2 protein chains.
Amino acid sequence: MASVTSEPGLRERKKQRTHTAISEAAIELFLRHGFDQVSVSQVAEAAEVSRRTLFAYFPAKEDLVVHRFADHEAEAGRVVRDRPADMAPLEALRVHYLDGLARRDPVTGLNDLPAIVALYRMVLETPALVARMYRFQAGAEQELTDALHETAGVGEFAARLAAVQIVAVHWTLTLDNARRLAAGEAADERYAGAVSEAEQAYALLANGLGRLGAPGGA
Amino acid sequence: MASVTSEPGLRERKKQRTHTAISEAAIELFLRHGFDQVSVSQVAEAAEVSRRTLFAYFPAKEDLVVHRFADHEAEAGRVVRDRPADMAPLEALRVHYLDGLARRDPVTGLNDLPAIVALYRMVLETPALVARMYRFQAGAEQELTDALHETAGVGEFAARLAAVQIVAVHWTLTLDNARRLAAGEAADERYAGAVSEAEQAYALLANGLGRLGAPGGA
DNA sequence: TGCGAATGTATACCCAGTGCAGAAAAAGTC
DNA sequence: GACTTTTTCTGCACTGGGTATACATTCGCA
């Protein structure tokens with residue numbers, strides 16, 4: 001009769017709490033002193049955990065930061081899979097991205113909560129963190145490749161080509177927004193420009209680089 | 001009167017020789033035992049150089065391998081800048097890439113000299129090396145962005161969008177070829193497929209993902 | 001021949017990440 | 001509530017990449 005609920009059990013709950021405790025201690029220290037200026041030992045100490053335990057929760061120092069973006073690795077693939085039956089994949093992605101901008105979803109780079117902006121800035125300024133982010137891009141490419149291949153009636157190679165273009169463009173849009181907000185722009189102020197650039201990007205994806213097909217370009 | 005020629009001088013020549021000596025010793029050891037199984041100390045010893053000197057020539061262990069690909073960082077940008085006045089940027093890139101395939105240029109992934117294939121395989125199998133390669137992609141994107149912006153009469157953001165798509169597609173093509181050769185396929189055997197995929201990729205770049213604009217895909 | 005600048009070396013150090021053996025704590029058992 | 005089993009945490013020692021410093025060597029040049 002010890003537990004009437006079917007909760008995860010003390011062990012699981014404690015693990016969860018330790019995980020967030022380490023992550024929060026880490027980000028707080030990193031934001032205050034810079035990623036490279038803080039050692040994992042200091043993070044472990046601040047989180048009141050042994051160094052060895054920290055590495056049991058996070059495989060590398062960089063992951064203390066970038067694990068917060070890990071959820072979005074599968075996002076593009078999911079959007080494509082879950083789209084209405086009468087909607088084209090690219091259209092579903094476009095709608096979803098524009099919706100993200102409107103909701104100020106952090107994955108679009110268009111959220112100016114101070115904590116988020118500071119995080120953007122730190123990642124952009126730290127090569128090791130940027131490098132780690134590329135891993136997510138590779139994962140997103142794979143997810144999107146599979147989704148396109150399986151639901152859009154297109155060959156695997158064509159799906160991969162489309163996926164790498166889409167992911168690269170998404171990343172460019174997000175980076176552009178994040179850089180502008182990191183430079184001090186407000187999200188509301190940036191919103192119109194972000195929408196316009198997103199529309200431009202999706203038009204380019206849909207219609208190709210036709211303008212570059214002419215000698216002079218335009 | 002010590003030197004009648006305008007050669008680089010002994011100091012420069014010695015530096016050059018040390019550089020290649022270290023690089024060759026490194027790659028030989030890495031190919032034999034694996035990148036992660038060889039320490040930089042072992043490389044330094046094999047090159048008859050101190051560890052500290054090695055790091056004066058190569059900023060990181062990974063660079064002992066990937067510096068061989070560094071030349072090609074500016075290639076796409078250069079091709080666009082040097083194109084004939086009456087040729088579109090995308091067309092210039094397409095021609096150049098197809099020519100690279102025909103010449104079995106290693107940057108296309110379609111060179112099956114044993115030493116090259118072994119190098120491909122090692123890079124593909126070693127995450128740290130792949131990660132380092134992404135840095136070149138970022139450089140190539142920047143070069144191509146500038147070239148497109150300055151010579152194709154297109155805005156900087158549009159140029160960047162085009163550049164990231166082109167670089168991503170190129171990388172995909174190269175990776176695909178390299179993987180196949182690493183798996184044992186011969187270059188001559190692969191050639192036709194490589195050309196066909198390249199044409200498909202450039203058609204996609206030029207005309208867009210139109211096929212994905214329809215609900216069913218095709 | 002000798003002097004200044006660049007380059008190479010030895011040594012000692014910091015930090016990220018891992019292996020291992022044992023302590024602590026939660027979970028299941030009676 | 002005491003006992004055992006299993007998981008997690010910890011301390012310690014070690015490898016390996018990368019850097020700082022201080023000193024030796026070598027080259028360029030007059």
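What you see is a predicted model; the values in this text were computed from it and never measured. Naming: A, B, ... by sequence-line order, numbering from 1 per chain.
Atom-to-atom, CD of B:Glu62 to P of D:dG16 comes out at 15 Å; the value is rounded to the nearest Å. In this structure, the CZ atom of A:Arg13 is 12 Å from the C1' atom of C:dA26, given to the nearest Å. Rounding to whole angstrom units, NZ of residue A:Lys61 and P of D:dG16 are separated by 22 Å. Going from atom CZ of B:Phe55 over to atom P of D:dG16 covers 13 Å, rounded to whole Å.
Checked by atom type and distance alone, the side chain of A:Arg121 pairs as donor or acceptor with a backbone atom of A:Ala182 at under 3.5 Å. Side chain of B:Asn177 to main chain of B:Leu110: no donor-acceptor pair is present (N/O by atom type, distance under 3.5 Å, no hydrogens or angles). Listed for the B:Tyr57 side chain is no donor-acceptor partner under 3.5 Å among the backbone atoms of B:Thr20.
Every residue meeting the side-chain contact (heavy atoms from CB on, under 4.5 Å) condition with B:Asp176, not counting sequence neighbours, appears here in chain and number order: A:Phe157, B:Arg180, B:Arg190, B:Glu197.
Of the residues in residues 19-46 of chain A, those with a non-hydrogen atom less than 4.0 angstrom from any atom of DNA chain C are A:Val38, A:Ser39, A:Val40.
With respect to B:Tyr97, the side-chain contact (heavy atoms from CB on, under 4.5 Å) criterion is satisfied by exactly one of B:Asp105, B:Val107, B:Thr174: B:Thr174.
Taking a cutoff of 4.0 Å between a charged side-chain nitrogen and a carboxylate oxygen, A:Glu45 and A:Arg51 do not qualify as a salt bridge.
Atom CG of B:Leu101 sits about 11.5 Å away from atom CG of B:Asn111, to the nearest 0.5 Å.
Relative to the ring axis of A:Tyr191, A:Arg104 places its NZ or CZ within 45° and under 6.0 Å from the centre.
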Inset, instruction - Between protein and nucleotides 3-11 of chain C, map the contacts as a letter string: B base, S sugar-phosphate only, - none, heavy atoms under 4.0 Å, written 5' to 3'. - result: --BBSSBB-
